[in-house]
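See below for the structure under consideration.
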Amino acid sequence: MPDRNGTKHHVVVLGAGYAGAYVAGTLARRLAPSDAEITVVNAEPDFVQRLRLHQLAAGQEIEAPQLAGVFAGTGIRLRLGRVTDIDPAQRVALVVGTDGGGEVGYDTLVYALGSHGADHGVPGAAEHAFDVAARPSALRLRDRLDGLEARGEGGKVVVVGDGLTGIETATEIAESRPGLSMTLIARGALATPLSAGARDHLRRACDRFGITVLEHAGVEGVEATRVLCADGTVLPSDATVWTAGFGVAPIAGAAGLEVTDDGRIVVDRTMRSVSHPNVYAVGDSAHALGDNGLPLPMSCASAGYTGRQATAAIVARLTGGTVKQTGLEYVGNHISLGRCDGILQMVDHDAQAKPKYLGGRKAARIKAGILAMSLWTTSHPTFGLPTRKQRLTGMPESNDQTAARPAGNGEAARG
């Protein structure tokens, strides 16, 4: 039978990353526990600082707070397990894992399962390449790099993809493990989304670290000891790191929710599924349009913006309030280049890089501050529970196979 308390409105949050932990904590802070209960389902027992997994792979220690401690005293129930399916008609999520298998019933579902590395069907990438999209995979890469260093003969590391993750991974490993030879592969010109000045700064950093940059190189295959490029170039590689894109699990689409071609849940302006009104999506799992009319990128910042909007909408709908629109912005990127260098690149309303950028130690300190703030807020999800909480007076529509009704009665219009 589903794990559902019939006397209270049950909010289930799938995933305890940056977005999920924020939503769960804020709901616990604002909803009266006599009317609502909150359950978080997560596959890992600890919080994963995904923004720092490239540091973990490079050999550094990063904090991983235990979720049981994070949620202690908040009233939030933690269930450890991996979500395998959801049934919107029955309002249940199917879970297998540490706390046993079974169904977790919900009245409102917050889908925050995030994203994972995507090989885009490149032969051999799944079998032979490493990634830093999850803690276990980052640790596997770390073990491989440890082994290469232990040989005392150096080793060749190839990072495929020059997005933010690829840049951070290549520079972090190069700085932490200078005995290894590093190559960074870019499909086009290096870091084209950055301004000209920021690209020059990045090139100087790569030169300083001894990173070989191979531009305009598509990868057609990955083997155990080499990378095959489209132009016939063959790169020897003792450890290939795949950072050429991210994808989401097919769970939402398989359950019948309206999703994009890449599997992200299509949501309205309040982060509610356009096909299933009792389901909200936040973070990388959501296809949300920002205030500029463009889809928000997969990022920690987007997790915060979408989480805040979803929380505001859920609280308003359950307590009979007016759903307000919160900001959905994409303002820029903060990129670490090792521990002492970085790039802060702001973008305009059209998501194009502004001419000016901030680089060097100051940018690195700003990035470190953002990471510290993200960890602190996640480790303190309720910021101390207040004495006054809102009672539930309204309930969302039943979660059937019909589309969400157009907004009305003071609610924000769908995007």
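The distance from the CD atom of E172 to the CZ atom of R52 is 9.0 Å, given to the nearest 0.5 Å. A distance of 10.0 Å separates CG in N278 from CZ in R317, rounded to the nearest 0.5 Å. In this structure, T326 OG1 and M271 CE are separated by 7.5 Å, a value rounded to the nearest 0.5 Å. Considering CG of D85 and CD of E103, their distance stands at 9.5 Å, rounded to 0.5 Å. Atoms CD1 and OG, from I370 and S336 in turn, are 11.0 Å apart once rounded to the nearest 0.5 Å. Taking OH of Y330 as the start and CG of N292 as the end, the distance is 9.5 Å to the nearest 0.5 Å.
In terms of heavy-atom proximity, L235 sits nearest to T233 at CD2-CG2, 3.9 Å. Residues I38 and A24 come closest through the heavy atom pair CD1-O, 3.9 Å. Nearest heavy-atom pair, C229 versus L214, reported as atom, atom and distance to 0.1 Å: SG-CD2, 4.3 Å. Scanning both residues, P88 and L257, for their nearest heavy atoms gives CG-CD1, 3.6 Å. Residues F47 and A16 share a closest heavy-atom pair of CD1-O, 3.4 Å. Between D284 and S299, the shortest heavy-atom contact is OD1-N, 3.3 Å.
Residues L202 and L337 have side chains in contact (heavy-atom distance under 4.5 Å, counting atoms from C-beta outward). Side-chain contact between H116 and D131: absent, with no pair of heavy atoms (C-beta onward) separated by less than 4.5 Å. In this structure, M182 and F209 have side chains that are not in contact, with every pair of non-hydrogen atoms separated by 4.5 Å or more. In this structure, the side chains of V83 and Y111 stay at 4.5 Å or more apart for every pair of heavy atoms. For the pair L344/K367, no side-chain contact is recorded, criterion being any heavy-atom separation below 4.5 Å from C-beta on. Between L14 and I86 there is a side-chain heavy-atom pair separated by less than 4.5 Å. In this structure, Y280 and V23 have side chains that are not in contact, with every pair of non-hydrogen atoms separated by 4.5 Å or more. Between T183 and K156 the shortest side-chain heavy-atom distance does not fall below 4.5 Å.
In this structure, Q345 contributes its side chain and K354 its backbone to a donor-acceptor pair below 3.5 Å. The closest donor-acceptor contact from the side chain of T243 to the backbone of G161 lies under 3.5 Å. In this structure, T171 contributes its side chain and E168 its backbone to a donor-acceptor pair below 3.5 Å. Under the 3.5 Å distance criterion, the side-chain polar atoms of R308 are left unmatched by any main-chain donor or acceptor of T311. Using modelled atom types, no side-chain atom of E149 and backbone atom of G179 make a donor-acceptor pair closer than 3.5 Å. Checked by atom type and distance alone, the side chain of W242 pairs as donor or acceptor with a backbone atom of A118 at under 3.5 Å. Remark: the backbone N or O of P65 is not paired with any side-chain donor or acceptor of D46 at under 3.5 angstrom. Checking side-chain atoms of S285 against main-chain N and O of G114 turns up a donor-acceptor pair under 3.5 Å. With E220 contributing its side chain and L228 its backbone, the two residues share no donor-acceptor pair below 3.5 Å. Looking at T39, its side chain never comes within 3.5 Å of a backbone N or O of V12 through a donor-acceptor pair.
A 6.0 Å sphere centred on CZ of R339 holds more than 12 heavy atoms belonging to other residues, nucleotides or ligands. Heavy-atom contacts from other residues, nucleotides or ligands closer than 6.0 Å to CG of D231 number more than 12. Sparse packing is recorded around CD of E63, with 12 or fewer heavy atoms of other residues, nucleotides or ligands lying under 6.0 Å away. Within a 6.0 Å sphere centred on CZ of R361, other residues, nucleotides and ligands contribute 12 heavy atoms or fewer.
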Passes side-chain contact (heavy atoms from CB on, under 4.5 Å), Y18 versus Q49? Steps please.
-> CA-CA 8 Å; Y18 295 106; Q49 293 194 70; 3.9 Å; yes
So R151 and D238, side-chain contact (heavy atoms from CB on, under 4.5 Å) or not? Walk me through it.
-> CA-CA 12 Å; R151 295 188 321 189; D238 297 301; 3.9 Å; yes
Check the pair E44, R135 against salt bridge (charged side-chain N to carboxylate O under 4.0 Å, His left out), reporting the backbone distance first and the verdict last.
-> CA-CA 9 Å; E44 299 279 344; R135 183 179 176 87; 5.9 Å; no
side-chain contact (heavy atoms from CB on, under 4.5 Å) evaluation trace for H128 with V227 | CA-CA 10 Å; H128 302 299; V227 175; over 6 Å; no
Apply the test side-chain contact (heavy atoms from CB on, under 4.5 Å) to residues L56 and R142: give CA-CA distance (whole Å), side-chain angles for both, the deciding distance (0.1 Å), then the verdict.
-> CA-CA 7 Å; L56 182 66; R142 177 175 178 162; 3.2 Å; yes
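Under the 3.5 Å distance criterion, with hydrogens and angles disregarded, no donor-acceptor pair is assigned to the side chains of H287 and D262. Checked by atom type, the side-chain pair H9/T108 shows a donor-acceptor distance below 3.5 Å. In this structure, a donor-acceptor pair under 3.5 Å is present between the side chains of R50 and S115.
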